[in-house]
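To start, the structure under review is shown below, and the notes come after it.
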Amino acid sequence: MLFRQAKWEEPIVFELSSFSKQTLLIDEEFANEASEALKRIPESLVRSSELKIPNLSEVEVVRHYNRLSQMSYGVDVGPVPLGSCTMKYNPKICEELASDPRVTELHPYQDEEEAQGILEIMYLMQRWLSEITGMDECSLQPPAGAAGEFVGALIIRKYHHDRGLNNKNEMIVPEAAHGSNPASSAMAGFKVVKIPTAPSGETDIEALKSVLSDNTAGLMLTNPNTLGIFESGIVEISDLIHEKSALMYYDGANLNGILGIVRPGDMGFDIVHLNLHKTFAAPHGGGGPGAGAVCVRKELIDYLPVPLVGFDGRSYKLRYDLSRTIGRVSWFYGNIVPIVKSFIYIAALGPALREVAEVSVLNTNYLMSKLRRMRGISLPYGENRWRKHEFVVSFENLLKETGVSAEDVAKALLDRGLHAPTIYFPLIVKEAHMIEVTETETKENIDRLAKAYEEIIELAYRDPQVVKSSPVNTSVKRLDVLVANHPRTLAPTYEHLRRLKSQEV
Amino acid sequence: MPHNWIPNSSPDIKKELMKELGISDVLELFNDVPTEIIFNRDLSIGFGKPLTEYEVRRLFNELISKNRLSNVPSFIGGGVCQHYVPSVVKAILSRPEFYTAYTPYQAEIAQGLLQALFEYQSLIANLYGVKVVNASMYNGSTASAEAVLMAARVKKKKKILVSGYAHPEIIEVMKSWGFGAGLDIVKVQVDLKSGETDLSDLRSKLDKDTAAVFIQTPNFFGVVESALKEVIEETHKFDALSIVYSNPLSLGIFESPGSLGADIVVGDVQGLGVSLNYGGPSAGILGINDEKELLRQLPGRLIGATRTLGSDELGFTMILQTREQHIKREKATSNITTNSSLEAVGAAVYLTLLGSQGLKKLGEAILGRTHYLVKRLLNTSVAEPLFPESLYFREVSIRFHGKKASQVIKLLSSRGVSIGPALSKFYEELSECSLACVTELHTRKDIDFLMTVLEEVLEGV
Ligand SMILES: Cc1ncc(COP(=O)(O)O)c(C=O)c1O
């Protein structure tokens, strides 16, 4: 498939000069009142610094952003096999219904009686997510997965504190975990204790035993883990943690691969966060918004952030009556729009949700089986283990033999109209590609991806320089990351850029 | 149960894929899951069976029609208000290249998104008068919490002074977020005549242990903090950082907080092309003035300009990722991963559409309406502005004479007019008080109608 991304020499918006200097029309119905009020603004507070926003007509704005959009790539354009990120195709019906004005124009401080529809949806989501995770109650307030982790870590902190166990200040996090896990733990005030991954690809249980102590507050784990391998020792792990009166925290970012087949609650976890934008239906929007949810066992319900949505048999209400709540982690009630999208997705699939896990796992292993046979690629850890929704391969051999790195391969994939996988993660695998095709890719596309890898590797052995000089079919060629990050050439705004340019001249 | 959202779920394709793996049942792929924890019934979710698109549409319509919107534009405030979302913003954000993209880890194939975010950072930095703005936080409340955490890290101090009339939910979020770091969040009193932060109380609480002073303008009560400059100057006398939360829609007419000396600026883009969404999603603004002191402590994602290798073409990429969780792990400046990029792009589109002239006019349109509402309230016997002498922007706190606000709100609502929230929700002693919000959406007729209905319900009982 031939791929050439659009390339426009599109000026930065500040450089879009407009002859007409038109802007969005704003009424002047209250001009008199405005000028009266303007006189009352203290002198120091009247805007005197220059407002540098270009004044453009509507068509100029539309063309600028449409050209920019053409120089971008989303999952509606082609596969985005980013491991851990779960970039699945999201059904259009979810998008359309969630943009109903009865969702988007609803004010969070509207009387609950006037918001019964949305509250019922939220209530059902609390029930459904509890069922999916094997937990007893869920809060929809966290605006993303990492915020959910933070909620979970705060719950663990307060839970021990309420029992007088203030010595419990250590959170165990595997070395292979997503970076947000240690970061969230630290934000909640925990000391992070690392444990390695065994050659089997599972958490090293002996290492876990050696760090367990009375100070252990909890363990954060994702299962399947970031290698895509299911922790078969999970029951033993959770017994070990519970013996220390510590809590089991489940990072639900990888739930896609086990939906309806095994539940975190049944594995022994006490707290779970979900990334609704990964597992269910909400596009990633170029990096957000997402929506998190935190689900807990019965004994921990009182610790959830307020409010929850309750039902008294007649109407739905925001519940603030949680005696040990950790407080709010965000204002209002969470990222409602992605929550609604996920609601529609689950409502439409119902029991067929299990198919998500079956097919994403099938697709993953199918692709892995093809890739692992290729020269230059190795499959570190758990050689004979199935992967769940993602797998991690290493290009260490390819690099040694040809000088072509994991990054070079990634860039060469871009040239073939495919987004690259997650690279150099998890850190325990050298020259890593972490690949996740999800249940929404067709066999044809998976074969295309395998074929692209094959071609690139063949080229790497034949003519490595060609691979190393990719990408060439994208809007720009390979970017200079050093210049981007160098203190002298750092340019996070147009002002910085202009100054740099003027220095050059 | 094959489904058209899952292409390979048809039995034939499954079989073909399984052949490659040498298995005959998909469940063999789960043979490493201990049998005792395998879930062996159907999930009790949804409505018992997969629904067709028209079934799910109908079901959703039935549910969502239980929500009620008011007949006139809503007057409900409390940090977020109903504003107009231009069709252009909706059209651009529904481009799949934007809304179905992921974090632009592969810069070369995501130049458009990166440029749009770079422009967002540049536009907001100019609007707030600061050097650097990140590519968004979740919303105004979490941006505020991250701002005080950053200030505490930079100053290596734990005490944070917060103006008593900052948004009460923001203060709650700050407290939850600050718990782990051991922050001491102390409220500064408010002058009960002006509704503004009490400078003498601020002076008495400021000391060498203070990491930052957080002030919001216009504050939760709608009052413009007229002594903002003095607050910032007082803060600096104690080597503390000044954090100013302001509404972007006010900055076409009000001086930018950065130009007044704020070290950290925060805000929320709701209203800049982002709908109410029952409170979320929106995007949080977080910016800094002093690059030397603060840049490496800035949480969140940052986009920067660069050039291509070997030639000199302009391009964009994520920068300073060594501060972020995926590299720094427990030492990161924040745990944020998924942020609010799409809303940030929406805000940039809206600002570009408005231009500096439009933004100024929009600010005036809102200020004019606020002033009109205040005047009407000063001329009625049934209610008055809570702080009659003060300057308000967009939101007005109102006292009803001798009537509970929660009741007044219910009565208005039964006549199709929405105001609120009742301030007793946050301040027990203010049972007769409510907020009301006016934006570019409200006509003179709308505001007059509000006043007429208000007078009727308050006089009639
Ligand atoms: C394994 C894992 N945990 C946690 C997160 C954090 O979730 P979010 O990006 O929604 O904050 C992610 C995704 O980035 C992830 O892949």
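Here the structure is a predicted model, which is why all the values come from computation and not from measurement.
Proximity to chain A involves both the backbone and the side chain of Phe254(B), based on heavy atoms less than 4.5 angstrom apart. Interface remark: Leu353(A) contributes side-chain atoms only to the contact with chain B (heavy atom separation under 4.5 Å). In this structure, the portions of Ala348(A) lying under 4.5 Å from any heavy atom of chain B include both its backbone and its side chain. Heavy-atom distances place no part of Ala283(B) under 4.5 Å from chain A, backbone and side chain included. Proximity to chain B is limited to the side chain of Arg354(A), based on heavy atoms less than 4.5 angstrom apart. Interface remark: Thr370(B) contributes no atoms to any contact with chain A (heavy atom separation under 4.5 Å). Using a 4.5 Å cut-off between heavy atoms, Gln357(B) contacts chain A through both its backbone and its side chain. Within the 4.5 angstrom heavy-atom criterion, no atom of Lys175(B) approaches chain A. With a 4.5 angstrom heavy-atom cutoff, Ala147(A) touches chain B via backbone and side-chain atoms both. In this structure, the portion of Leu154(A) lying under 4.5 Å from any heavy atom of chain B is its side chain and not its backbone. For Ala181(B), the part lying near chain A is the backbone, with the side chain staying farther off; criterion is any non-hydrogen pair under 4.5 Å. Of the two parts of Val356(A), the backbone and the side chain both hold a non-hydrogen atom closer than 4.5 Å to a non-hydrogen atom of chain B. With a threshold of 4.5 angstrom between heavy atoms, Ile409(B) does not approach chain A through any atom at all. Both the backbone and the side chain of Val80(B) come within less than 4.5 Å of a heavy atom of chain A. With a threshold of 4.5 angstrom between heavy atoms, Leu260(B) approaches chain A through side-chain atoms but not through N, CA, C or O. With a 4.5 angstrom heavy-atom cutoff, Asp27(A) touches chain B via backbone and side-chain atoms both. Only the side chain of Arg301(B) comes within contact range of chain A, with at least one heavy atom under 4.5 Å from a heavy atom of that chain. Neither the backbone nor the side chain of Glu495(A) comes within contact range of chain B; no heavy atom of the residue lies under 4.5 Å from a heavy atom of that chain. In this structure, chain B has a heavy atom under 4.5 Å from the backbone of Glu441(A), while its side chain stays farther away. For Glu324(B), no part lies under 4.5 angstrom from a heavy atom of chain A. Heavy atoms closer than 4.5 Å to chain A are found in both the backbone and the side chain of Arg444(B). Of the atoms belonging to Arg385(A), it is side-chain heavy atoms, and not backbone ones, that fall under 4.5 Å from chain B. Neither the backbone nor the side chain of Ser311(B) has a heavy atom closer than 4.5 Å to any heavy atom of chain A. Residue Ile344(A) touches chain B through both its backbone and its side chain, counting heavy-atom pairs closer than 4.5 Å. For a residue to count as touching a neighbouring chain, one of its non-hydrogen atoms must lie under 4.5 Å from one of that chain's; by this rule Ser44(B) touches chain A with backbone and side chain alike.
Geometrically, Arg157(A) engages Phe179(B) in a cation-pi contact, judged by NZ or CZ lying under 6.0 Å from the ring centre and within 45° of the ring axis.
Arg40(A) pairs by the side chain to side chain donor-acceptor pair (under 3.5 Å) definition with nothing, not counting sequence neighbours. Taking Tyr494(A) as the reference, Phe14(A) meet the ring pair (Phe, Tyr, Trp, His ring centres under 6.0 Å) condition, with sequence neighbours excluded.
Gln106(B) and Lys411(A) are linked by a side-chain donor-acceptor pair at a separation below 3.5 angstrom, with hydrogens and angles left out of the test. With no hydrogens or angles considered, a side-chain donor-acceptor pair links Ser369(A) and Glu20(B) at under 3.5 Å. Side-chain contact, Ser413(B) with Glu114(A): a donor N or O sits under 3.5 Å from an acceptor N or O. Defined by atom type and a distance below 3.5 Å, a donor-acceptor pair is missing between the side-chain atoms of Thr104(A) and Tyr278(B). No side-chain N or O of Gln70(A) forms a donor-acceptor pair with one of Glu97(B) less than 3.5 Å apart. Side-chain atoms of Ser475(A) and Glu108(B) include no donor-acceptor pair closer than 3.5 Å.
Using the six-membered ring where Trp is involved, His167(B) and Trp331(A) have ring planes that are tilted, between 30° and 60° apart.
Gly279(B) and Phe332(A) make their closest contact through O-CD1, 3.6 Å (heavy atoms, listed as atom of the first residue, atom of the second, distance).
Atom-to-atom distance recorded for Leu349(A):CG and Ile45(B):CD1 is 8.0 Å, nearest 0.5 angstrom. To the nearest 0.5 Å, the span separating NE2 on His64(A) from CG on Leu353(B) amounts to 12.0 Å. Note: Tyr89(A) OH to Thr100(B) OG1 = 9.5 Å, rounded to the nearest 0.5 Å. Atom OG of Ser44(A) is separated from atom NZ of Lys229(B) by 6.5 Å, given to the nearest 0.5 angstrom. The OG1 atom of Thr493(A) sits 13.0 Å away from atom CD1 of Ile303(B), with the distance rounded to the nearest 0.5 Å. A distance of 12.0 Å separates CE in Met18(B) from CG in Asn365(A), rounded to the nearest 0.5 Å.
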task: Would you check, one step at a time, whether the test side chain to side chain donor-acceptor pair (under 3.5 Å) holds for Ser185(A) with Glu330(B)?
output: CA-CA 7 Å; Ser185(A) 303; Glu330(B) 68 269 20; over 6 Å; no
- prompt: Can you check side chain to side chain contact (heavy atoms under 4.5 Å, CB included) on Arg47(A) and Leu251(B), steps first, answer last?
  reply: CA-CA 7 Å; Arg47(A) 178 119 199 168; Leu251(B) 295 179; 4.0 Å; yes
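Between chain B and the options Val80(A), Ile41(A), Val62(A), Leu56(A), heavy-atom pairs under 4.5 Å are most frequent for Ile41(A). Listed options Met187(A), His277(A), Lys477(A), Glu28(A) were ranked by heavy-atom pairs under 4.5 angstrom with chain B; first place goes to Met187(A). In terms of heavy-atom pairs under 4.5 Å with chain B, the best-connected choice from Glu33(A), Met87(A), His178(A) is Glu33(A). For the set Gly290(A), Gly327(A), Ser184(A), Ala186(A), the entry with the most heavy-atom pairs within less than 4.5 Å of chain B is Ser184(A). Counting heavy-atom pairs closer than 4.5 Å to chain B, the top-ranked of the candidates Pro471(A), Ala420(A), Cys85(A), Pro42(A) is Cys85(A). For the options Val192(A), Leu497(A), Ile261(A), heavy-atom pairs under 4.5 Å to chain B are most numerous at Ile261(A).
Of the charged side-chain nitrogens involved, at least one lies within less than 4.0 Å of a carboxylate oxygen, so that Glu36(A) and Lys375(B) count as a salt-bridged pair. Between Lys66(B) and Glu120(A) a salt bridge is recorded (basic side-chain N to carboxylate O distance below 4.0 Å).
Ring pair Phe30(B)/Trp386(A): centre-to-centre distance not below 6.0 Å.
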